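One structure is given here, and the rest of the page talks about it.
Predicted, not measured: the structure shown is a model, and the values here were computed from it. In listed order, ligands and their atoms are each counted from 1.
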Amino acid sequence: MVKRIEFSRTGGPEVLEFVDAPLVEPQAGEVRIRHQAVGLNFIDIYFRTGLYPVPSLPSGLGTEGAGVVEAVGDGVEHLAVGDRVAYAQGPLGAYAEQHVVPADKVVALPDGVDGETAAASMLKGLTVQYLLRQTYRLEGSETILFHAAAGGVGSIACQWARALGVKLIGTVSSPEKAALARENGAWATIDYTREDVVERVRELTDGAMCDVVYDSVGKDTWETSLDCLKKRGLMVSFGNASGPVEGVNIGILNQKGALYVTRPSLNGYADTRERLESMCADLFAMLESGQVKIDIAQRFPLAEAGKAQEALAGRLTTGSTILVP
Ligand SMILES: NC(=O)c1ccc[n+]([C@@H]2O[C@H](COP(=O)([O-])OP(=O)(O)OC[C@H]3O[C@@H](n4cnc5c(N)ncnc54)[C@H](OP(=O)(O)O)[C@@H]3O)[C@@H](O)[C@H]2O)c1
């Protein structure tokens with residue numbers, strides 16, 4: 001048997017149950033991984049609450065983990081039993097001691113990346129890779145606004161932007177988070193609980209405003225984010241921490257300066273094996289060179305996944321959070 005988190009109905013953290021489930025053998029093209037650590041991500045909350053639909057109930061939860069390959073299905077060439085591996089796009093069910101994952105979503109870890117770091121950074125780090133290197137290929141002369149700059153994705157973005165020479169203005173909700181974002185390389189921070197974000201961006205950029213806004217907060221920040229862009233700037237809406245952006249009048253993009261908008265996802269970018277490998281190579285190089293360091297600021301036992309999600313949704317976490325089986 002395998003311990004795992006399951007839920008039979010959508011709702012608050014109380015719907016999560018810690019149960020015994022049968023050990024599943026990998027089918028052709030799959031591997032079974034014994035987890036060293038499991039990544040906690042906001043998307044897990046969207047599935048639990050029902051914002052994102054799950055294929056069926058009861059369901060497992062979680063899409064990211066790292067550990068050791070324990071069993072290999074037919075036809076898998078690039079992985080063997082005993083390999084240290086990680087994945088960020090698994091089928092729901094990563095909140096478990098072991099999980100069966102399609103092998104084409106699994107990558108071997110280089111010596112310089114340990115399992116806990118991988119579980120804390122695969123999904124968030126690959127997201128930053130596509131945001132800063134693909135959705136808009138930042139070169140170094142740009143000024144960008146990045147919301148939730150002290151969070152999991154934000155902490156990696158601050159460091160990656162610093163490495164590129166980009167001026168990242170990060171929004172945060174407290175002085176402690178502001179200090180953390182600046183330590184990680186944010187060029188400036190704005191505490192949105194005390195300061196007017198648009199006015200501060202105007203001051204910080206001498207009226208030029210931002211080339212790109214990266215907004216994972218969603219509903220609460222949509223309009224503010226558009227107002228922080230320069231003409232023909234790019235709005236990257238990539239999350240719903242405060243709820244989804246809905247009912248957009250497309251004319252607003254013209255009124256605010258012929259703006260561009262995109263709504264990307266990791267699955268939309270790491271959609272082939274080749275692309276996943278190239279994005280991982282970029283991320284692992286940033287980790288191994290020390291240009292990006294992963295701050296695992298919270299560790300929860302797997303059984304306390306609900307508490308971990310409460311902390312993440314309640315803005316009580318910084319950096320990355322892992323669940324330890
Ligand atoms: N599209 C993609 O491919 C993709 C991939 C990964 C993550 N994401 C998105 O990126 C965001 C960050 O993910 P993460 O796992 O690293 O989480 P996180 O940033 O560690 O946590 C979310 C942060 O958002 C801020 N926030 C603002 N309004 C909030 C609200 N109403 N409720 C909760 N938090 C709020 C909080 O920071 P402050 O207290 O400083 O405001 C909070 O700490 C999420 O929205 C996630 O969905 C998208």
**OP:** State whether Arg32 and Glu25 are salt-bridged, where the test is any N-O pair (Lys NZ or Arg NE/NH1/NH2 against Asp/Glu carboxylate O) under 4.0 Å.
**Re:** yes
**OP:** Indicate yes or no: does Glu310 engage Lys307 in a salt bridge with an N to O separation below 4.0 Å.
**Re:** no
**OP:** Tell me yes or no: between the side chains of Asp44 and Gln309, is some donor less than 3.5 Å from an acceptor?
**Re:** no
Original post:
Cut-off 3.5 Å, side chains only: do His147 and Thr171 have a donor facing an acceptor?
Top reply: yes
Original post:
In terms of side-chain heavy atoms, does Thr262 have a donor or acceptor partner in Tyr136 at a distance below 3.5 Å?
Top reply: no
**OP:** Return the orientation label for the Phe47 and Tyr52 ring planes: parallel under 30°, perpendicular over 60°, tilted otherwise.
**Re:** perpendicular
Expected rows: ligand 1 N/O, protein N/O, dist below 3.5 Å:
unit_1, atom_1, unit_2, atom_2, d
ligand 1, 1 (N), Tyr130, OH, 3.4
ligand 1, 1 (N), Phe238, O, 2.9
ligand 1, 1 (N), Pro264, O, 3.2
ligand 1, 3 (O), Tyr130, OH, 2.7
ligand 1, 3 (O), Leu266, N, 2.9
ligand 1, 15 (O), Phe42, N, 3.2
ligand 1, 16 (O), Gly152, N, 3.3
ligand 1, 16 (O), Val153, N, 2.9
ligand 1, 20 (O), Gly152, N, 2.9
ligand 1, 31 (N), Arg315, NH2, 2.9
ligand 1, 32 (N), Ala241, O, 3.3
ligand 1, 39 (O), Ser173, OG, 2.6
ligand 1, 39 (O), Lys177, NZ, 2.7
ligand 1, 40 (O), Ser173, N, 3.2
ligand 1, 41 (O), Tyr192, OH, 2.5
ligand 1, 45 (O), Tyr46, OH, 3.0
ligand 1, 45 (O), Ser216, O, 2.9
ligand 1, 47 (O), Tyr46, OH, 2.7

